[in-house]
Amino acid sequence: MRPSTRAALERAAELTRANQLVEAMRLGESAINQATDDEHPEIQQWLADHNDDFVGREG
């Protein structure tokens with residue numbers, strides 16, 4: 001996954017934890033929509049691996 005995509009997903013997690021859900025969704029959706037087909041499985045795995053980042057729980 002490109003560093004810019006990872007950074008966008010990480011920022012979306014930060015925004016979600018800060019209750020800025022609309023902006024988080026906008027950013028995350030944009031990153032996913034700009035991703036190549038090859039990146040989609042990696043993004044899906046990253047989201048599964050980092051779901052606690054979005055709710056502020058420690059793994």
Side-chain angles (χ1 to χ4, degrees):
M1 160 179 4
R2 288 176 286 172
S4 60
T5 302
R6 182 180 309 275
L9 295 174
E10 290 171 352
R11 180 65 181 140
E14 291 172 11
L15 289 167
T16 300
R17 289 191 308 270
N19 293 321
Q20 296 178 20
L21 302 178
V22 172
E23 187 59 29
M25 288 297 297
R26 187 176 300 140
L27 182 61
E29 183 179 25
S30 177
I32 291 168
N33 286 340
Q34 292 178 32
T36 65
D37 288 341
D38 292 340
E39 287 179 292
H40 286 173
E42 191 173 356
I43 290 169
Q44 185 176 10
Q45 186 62 53
W46 187 92
L47 290 169
D49 292 346
H50 293 89
N51 65 60
D52 287 342
D53 294 351
F54 287 85
V55 294
R57 286 193 307 242
E58 303 264 335

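Only this structure's heavy atoms are used, side chains among them; waters, hydrogens and symmetry mates stay out. We number each residue from 1, following the sequence as shown.
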Between [X] and [Y], what is the shortest heavy-atom contact and its length?
{"X": "A31", "Y": "A8", "answer": "CB-CB, 3.7 Å"}
{"X": "F54", "Y": "R17", "answer": "O-CG, 3.8 Å"}
{"X": "E39", "Y": "T5", "answer": "OE2-OG1, 3.6 Å"}
{"X": "R11", "Y": "L27", "answer": "CG-CD2, 3.4 Å"}

Original post:
Just wondering, do L9 and H50 contact through their side chains at under 4.5 Å, heavy atoms?
Top reply: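 No - every pair of side-chain heavy atoms lies 4.5 Å or more apart.
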Original post:
Is the shortest heavy-atom distance from the side chain of M1 to the side chain of Q45 under 4.5 Å?
Top reply: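 When only atoms from C-beta onward are counted, Q45 and M1 do not touch, as no gap falls below 4.5 Å.
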**OP:** Kindly write out the residues that satisfy side chain to side chain donor-acceptor pair (under 3.5 Å) with Q34, not counting sequence neighbours, or none if the list is empty.
**Re:** S30
Original post:
Has Q44 got more than 12 heavy atoms of other residues, nucleotides or ligands less than 6.0 Å from its CD?
Top reply: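 Open: at most 12 neighbouring heavy atoms sit under 6.0 Å from CD of Q44.
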Subject >> Candidate pair L21 and L15, rule side chain to side chain contact (heavy atoms under 4.5 Å, CB included), full reasoning >> reply: CA-CA 7 Å; L21 302 178; L15 289 167; over 6 Å; no
